[in-house]
Amino acid sequence: MGKTVAEKVFSAHSGTDAYAGDFVEAEVDYVMANDITGAPAIEAFNQLGMEPIREKIVLIPDHFVPAKDIASAIQARKLRDFVWKYGIENYFEVGRGGVCHQVMMEQGFAAPGRLIAGADSHTCTYGALGAISVGIGSTEAGVIFATGRMWFRVPQSMRFQVDGEPDPYVEGKDIILRVISEIGVEGARYRSMEFYGSTISLLDVAERMTIANMTTEAGAKCAYVHVDKKTHEYLRGRVRGTYREVSADSDAEYVSDIHIDATELEPQVALPGSPDNVRPVSEVDDHIDQAYIGSCTNGRLEDIRKAAEILRGRKVHPSVRLIVVPSSQRVYEDAIREGLAEIIVEAGGFFSGPTCGACLGGYMGVLGPGEVCISSTNRNFLGRMGDRDSKVYLANPSVVAASAVAGRIVKPEEVLAR
Ligand SMILES: CC(C)[C@H](C(=O)O)[C@@H](O)C(=O)O
Ligand code: SF4
């Protein structure tokens, strides 16, 4: 019987002939942790009394750094102490890193056919390059630090076929919001989501990352986006070591095969409370207090370019705070070099260096009671970005930028016509 990508990658990494439902002990290529999950991972590792497998460990402080308070300074310090004690080379300090998933991609850790474990739920992101990457707990990460291995149950897979050329301002974000609204937040629980089709071929790696990133919001264990020329172009000059491309067999078994016609889509908005409560933007009407562009979902150079295109020569609405946070130091540098930072700042927006910060209600953009935010991030749960009585709408960066100008949720065309 043929195999899905997940079945192939777990088989190859465990030296077995594995299918969905099988338990395997697999060799991971890399294990990643951030400042929040790294400290407990190190504690778990310390209990084992073993030496770390240095070359597999990647540590990226991002959530509460630059330290937002004393507790986060202590937490980040635990990572540094571990890095210095064991000479961990793959460590990305403030000013040299950024949001963990962006760094894993742009620094060449993610590649087709690899098995990567990350102590963060959005580790699925590297599926954008054809890697099988899974979110794990801190204790598990600590064990992998010492052994390089972990047990997994091989997930079942769902197939998604997305075809057609989307309208302008319909982006990867809109495709994945549409998918999540169709299958629900538990629709892919412990499954692998594979993406194919002519629309996916048209998307750059940045938008593919948005799609893979948000499979987590449907409960997925991992994601896979078909590998093509764009994948290899992205990898050229950045990938560490060699990689082996893996593709699904034509007779592989999927639990479902869902088709999406991208030509029918307009930009999508997830209403406050849940990423699966999605409406086309034209059906959404609310004022906003804050507009946020950033995160591992949509904080890349391509996203900031889209925002700048709308903001150029315009002003942020007087009652709105626009906060733009690049997802990595590299994105930050490029945005400055390209003049995008200037456009945002001249429009009256706030532009900073990379951090998770406001995405999870950490700092630098926390919402107060009753406040409304439109955000390019991936989660809008109750209280996600601040007070339990605040509201978060999720949208693509073009819609967020246009809404920042309008002071309410609008489609980009509405602002561009002014
Ligand atoms: C802090 C971390 C454990 C968490 C996650 O795993 O997703 C965070 O990144 C988030 O997005 O809520
Ligand atoms: S940017 Fe947001 S979603 Fe991504 S890792 Fe950070 S907190 Fe989690």
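Position 1 is the first residue of the sequence; numbering continues from there. Just the heavy atoms: all of them, side chains too, but no hydrogens, waters or symmetry mates, feed the values below.
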Take D81 and K78 through the salt bridge (Lys or Arg N to Asp or Glu O under 4.0 Å) test and state the conclusion after the steps. CA-CA 5 Å; D81 286 343; K78 286 183 184 156; over 6 Å; no
Salt bridge or not for E414 and R408, using N-O below 4.0 Å? yes
Could you check whether R238 makes a cation-pi contact with Y234, meaning its NZ or CZ is under 6.0 Å from the centre of the six-membered ring and within 45° of the ring axis? yes
For P267 and V399, which heavy atoms make the closest approach, and how far apart are they? CB-CG2, 3.6 Å
Tell me the closest heavy-atom pair linking H13 and G113, and the distance in Å. CE1-O, 3.1 Å
Is the count of non-hydrogen atoms from other residues, nucleotides or ligands lying under 6.0 Å from R312 atom CZ greater than 12? no
Can a donor-acceptor pair be found, under 3.5 Å and without considering hydrogens, that links the side chain of S256 to the backbone of I258? no
Does the ring center of Y196 lie less than 6.0 Å from the ring center of F160? no
Is the shortest side-chain heavy-atom distance between L271 and V278 below 4.5 Å? no
Determine whether L394 and S376 make a side-chain contact, defined as any pair of heavy atoms from C-beta on separated by less than 4.5 Å. no
Nearest heavy-atom contact between E171 and P397 is OE1-CD, 3.4 Å
Do E413 and R418 sit within salt-bridge range, that is, some charged N less than 4.0 Å from a carboxylate O? no
Between the side chains of T125 and N213, is a donor N or O closer than 3.5 angstrom to an acceptor N or O? yes
Applying side-chain contact (heavy atoms from CB on, under 4.5 Å) to L416 and Y169, what does each step give before you reach the verdict? CA-CA 12 Å; L416 290 167; Y169 309 109; 2.9 Å; yes
Donor on one side chain, acceptor on other, N34 and T37, under 3.5 Å: yes
Side-chain contact, heavy-atom cut-off 4.5 Å: I36 with Q75? yes
Rounded to the nearest 0.5 Å, what's the gap from CD1 on I176 to CD on Q268? Could you check? 11.5 Å
Within 45° of the six-membered ring axis of F109 and under 6.0 Å from that ring's centre, is NZ or CZ of R240 located there? yes
Would you please indicate if the ring centroids of Y126 and H101 are separated by under 6.0 Å? yes
K173 bridged to D303 by N-O distance under 4.0 Å: no
Can a salt bridge be assigned to the pair R208 and D228 using a cut-off of 4.0 Å between side-chain N and carboxylate O? yes
Report the C-alpha distance between R178 and E266 in whole Å, list the side-chain angles of each, state the deciding distance to 0.1 Å, and finish with yes or no for salt bridge (Lys or Arg N to Asp or Glu O under 4.0 Å). CA-CA 10 Å; R178 186 71 248 287; E266 64 169 289; over 6 Å; no
Working to the nearest 0.5 angstrom, can you tell me the gap between I344 CD1 and I304 CD1? 6.0 Å
For R244, does the CZ atom have more than 12 heavy-atom neighbours from other residues, nucleotides or ligands under 6.0 Å away? no
Does D289 use its side chain to pair, donor to acceptor, with the backbone of V320 at less than 3.5 Å? no
Closest approach of G97 to V103 (non-hydrogen atoms, all atoms of both residues): C-CG2, 3.5 Å
Are I260 and V179 close enough, and set up right, to give a side-chain contact (heavy atoms from CB on, under 4.5 Å), and what steps lead you there? CA-CA 8 Å; I260 307 266; V179 165; 4.0 Å; yes
Set out, in order, the CA-CA distance, both residues' side-chain angles and the distance that settles salt bridge (Lys or Arg N to Asp or Glu O under 4.0 Å) for E186 and R189, then state yes or no. CA-CA 5 Å; E186 296 204 35; R189 196 166 58 186; 2.5 Å; yes
To the nearest 0.5 Å, what is the distance between CD1 (I293) and OG (S398)? 8.0 Å
Are L115 and D29 side-chain neighbours, meaning at least one heavy-atom pair lies under 4.5 Å? yes
Once you measure the plane-to-plane angle for Y86 and F45, does it fall in the parallel (<30°), tilted (30-60°) or perpendicular (>60°) bin? perpendicular
Is there a side-chain contact between T215 and F195 in this structure, where contact means two heavy atoms from C-beta onward sitting under 4.5 Å apart? yes
Which residue pairs pass the salt bridge (charged side-chain N to carboxylate O under 4.0 Å, His left out) test when at least one of the two sits in residues 110-123, sequence neighbours left out? none
Has S133 got a side-chain atom pairing as donor or acceptor with T123's backbone, closer than 3.5 angstrom? yes
Taking atom CD as the centre, does E55 end up with more than 12 heavy-atom neighbours from other residues, nucleotides or ligands that are less than 6.0 angstrom away? yes
Would you name the heavy atoms of K3 and S11 that are closest together and state the gap between them? NZ-OG, 3.1 Å
Tell me, with the steps shown, if V31 and V58 meet side-chain contact (heavy atoms from CB on, under 4.5 Å). CA-CA 6 Å; V31 54; V58 189; over 6 Å; no
Between CE of M214 and SG of C124, what distance do you get to the nearest 0.5 Å? 11.5 Å
Are Y254 and E194 linked by a side-chain donor-acceptor pair shorter than 3.5 Å? yes
Quick one: do the E165 and T263 side chains pair a donor with an acceptor below 3.5 Å? no
Taking the inter-plane angle between the rings of F10 and F152 on a 0 to 90° scale, is it parallel (under 30°), tilted (30 to 60°) or perpendicular (over 60°)? tilted
Polar side chain donor-acceptor pair, R379 to S295, under 3.5 angstrom: no
Does the side chain of S390 reach to within under 4.5 Å of the side chain of V372, using non-hydrogen atoms? no
Once rounded to the nearest 0.5 Å, what's the spacing between atom CG of D163 and atom CG of L202? 9.5 Å
Search all heavy atoms of G164 against all heavy atoms of A262 and return the closest pair with its distance. O-CB, 3.7 Å
For the residue pair Q290 / R321, report whether a side-chain donor-acceptor contact shorter than 3.5 Å exists. yes
Begin with the C-alpha distance, continue with both residues' side-chain angles, and end with the deciding distance and a verdict on salt bridge (Lys or Arg N to Asp or Glu O under 4.0 Å) for E333 and R337. CA-CA 6 Å; E333 285 170 20; R337 213 172 288 133; 3.7 Å; yes
Give me the one residue out of N396, T377, N378, T210 that meets side-chain hydrogen bond (donor to acceptor under 3.5 Å, both in side chains) with T297. N378
Test side chain to side chain donor-acceptor pair (under 3.5 Å) applied to S72 and Y363, step by step: CA-CA 11 Å; S72 40; Y363 68 124; over 6 Å; no
Would you kindly say whether Q161 and R159 are connected by a side-chain donor-acceptor distance under 3.5 Å? yes
Side-chain donor-acceptor pair present, Y243, H232, cut-off under 3.5 Å: yes
Would you say the rings of Y91 and F82 are close, in the sense that their centroids are separated by under 6.0 Å? no
